[in-house]
Amino acid sequence: MPGLKWKKNFHKSLGAWFDDEFRDLPWRQTRDPYKIWISEIMLQQTRVKTVVPYYLRFIRALPTLNILAETSLERVLKLWEGMGYYARARNIHKSARHICSTFDGVFPKEIEEIQSLAGIGPYTAAAIHSIAFGGDHAVVDGNVKRVLARLFCVEEEINSKEGIAKIERLAQQCLAKGNAGTYNQAIMELGAVICRPRLPQCERCPVNDQCMAFKDKRQTQFPKKAAKKPKPHYTVAIGLIFKNHKILITRRPCKGMLGGLWEFPGGKLDPSLPLSKALAQKIEQHIAVKVRVGKKITVIQHGYTHFDITMHAFRCTLISGTPRCRECIQWRWIDLREMDKYAFPRADKKVIEQAALAG
Ligand code: SF4
């Protein structure tokens, strides 16, 4: 357990470094809980560099919680397009409406209320409450876990039950009470900028004389992690079905992966069949039409967090049937010039770009 003297020196060194070196990110210029909430949700699974333009665009388009609540989910998804993990966007939209109906449109101040919002777990609630309202809660994200694991040579695997409990205990013990918002941002920043996963910059680190791993020259041995399982790979095919200069798009169910986004009909294929036959079958299963699968337009590779895909895109001709949703919630024939109005998954976007589909 860190002693009082250790903590005092740690807070002093970390605080002085953060004052001098902190990156002037747009969400650090505000205490508005709405804006801090949006930034924290965006930062949950996305890197800072990617988040900045999305955050600025989102706040420009939807500057207040009430405006967000009044806008359509489709617009929110379009603003989120390309950032991935679309459940975050759906949860933000749902929560904004919930805050308007339950809390008179005012972002809740109590941590339990914040944690009751869709998509907010203990980490995000602690971050929002400490930064926006000064609550004394330690934030434990991936950066903080790594820093603490190295500072204290935590031997338990970082994502094991014991490892999580130990890190949470250490995080709460190290917290600068009364200044938790700034402290949390400083320790997260230290992990992001100095105590990096592969090459920690220990010589430049403001707390190196308090770091057990640095003293023992074992910094790259922490955090301890279980061996990663190899990612599965799937073959996917989609059909670009044209009719009278229009193309058919379908909308995914709102729940689940990429929920609520538009896409081209198709999906994961039966590997025992030839691609074109499997795609024709998949399209019929998806949208109830029979197609002739024509020329292959492009092939793209795409990686998701838990699996990778190779996606084959074929030009298809409608043979019979009228689209009817079987595995989707909406369908439309759209003009190629309208493509930009719809939010597509990144893999479909790559196809649109490579096939130069957008008008
Ligand atoms: Fe991380 Fe090195 Fe600083 Fe220790 S001294 S906290 S390992 S950067």
Side-chain angles (χ1 to χ4, degrees), residues 1-25 27-28 39-40 43-52 122-124 126-127 130-131 135-228:
M1 172 169 172
L4 273 181
K5 191 166 167 226
W6 186 97
K7 270 175 72 172
K8 201 172 154 206
N9 290 337
F10 179 65
H11 294 158
K12 199 170 155 203
S13 310
L14 183 64
W17 170 80
F18 190 58
D19 276 352
D20 287 347
E21 305 273 334
F22 83 99
R23 291 171 295 173
D24 194 11
L25 302 168
W27 47 88
R28 289 194 174 144
S39 70
E40 286 299 329
L43 289 164
Q44 274 174 355
Q45 270 115 345
T46 311
R47 301 156 89 104
V48 168
K49 202 171 146 212
T50 308
V51 166
V52 170
Y123 156 68
T124 308
S130 66
I131 298 168
D136 276 334
H137 314 284
V139 170
V140 184
D141 72 346
N143 286 323
V144 175
K145 281 183 188 172
R146 185 169 59 256
V147 172
L148 293 175
R150 288 172 175 168
L151 282 173
F152 298 100
C153 288
V154 173
E155 298 289 349
E156 290 83 354
E157 276 178 8
I158 202 75
N159 291 321
S160 67
K161 208 171 137 202
E162 299 75 24
I164 293 169
K166 184 152 187 186
I167 290 287
E168 279 175 359
R169 215 167 37 245
L170 284 168
Q172 206 57 39
Q173 287 164 352
C174 289
L175 184 68
K177 292 206 170 135
N179 190 24
T182 307
Y183 166 83
N184 281 330
Q185 293 187 75
I187 191 164
M188 285 191 277
E189 185 86 340
L190 187 76
V193 177
I194 301 281
C195 194
R196 300 163 64 121
R198 285 207 190 99
L199 285 176
Q201 314 275 297
C202 301
E203 300 302 333
R204 290 174 52 212
C205 177
V207 293
N208 56 13
D209 59 355
Q210 292 166 290
C211 177
M212 285 167 63
F214 180 58
K215 265 184 215 148
D216 295 353
K217 298 193 174 46
R218 295 170 65 208
Q219 50 276 53
T220 49
Q221 290 177 22
F222 299 97
K224 306 258 173 179
K225 285 184 180 167
K228 267 193 188 168

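First listed ligand is number 1; within each ligand, the first listed atom is number 1.
Close approach of ligand 1 to Arg150 is summarised as follows: ligand atoms under 4.0 Å from at least one heavy atom of the residue are 7 (S). Of all atoms in ligand 1, listed by their number and element, those nearer than 4.0 Å to a heavy atom of Asn208 are 5 (S). Taking a cut-off of under 4.0 Å to the non-hydrogen atoms of Gln219, the atoms of ligand 1 that pass are 7 (S).
Atom 4 (Fe) of ligand 1 has no N, O or S atom of Cys195 under 2.8 Å away, backbone or side chain.
In terms of protein heavy-atom proximity, atom 3 (Fe) of ligand 1 is closest to Cys205 SG, 2.4 Å. Closest to atom 4 (Fe) of ligand 1 among all protein heavy atoms lies Cys211 SG, 2.4 Å. Nearest non-hydrogen protein atom to atom 2 (Fe) of ligand 1 is Cys202 SG, 2.4 Å.
Annotation for Arg218: atom CZ counts as buried by contact number, over 12 foreign heavy atoms lying within 6.0 Å. In this structure, Lys215 places its NZ atom where more than 12 heavy-atom neighbours from other residues, nucleotides or ligands lie under 6.0 Å away.
With a 4.5 Å cut-off on side-chain heavy atoms, Gln185 and Phe22 do not count as touching. You'll find the side chain of Val154 stays beyond 4.5 Å of the side chain of Pro223, heavy atoms only.
Checking side-chain atoms of Arg204 against main-chain N and O of Ile194 turns up no donor-acceptor pair under 3.5 Å.
Of the options Glu157, Glu162, Glu155, a salt bridge (Lys or Arg N to Asp or Glu O under 4.0 Å) to Lys224 is made by Glu155 and by none of the others.
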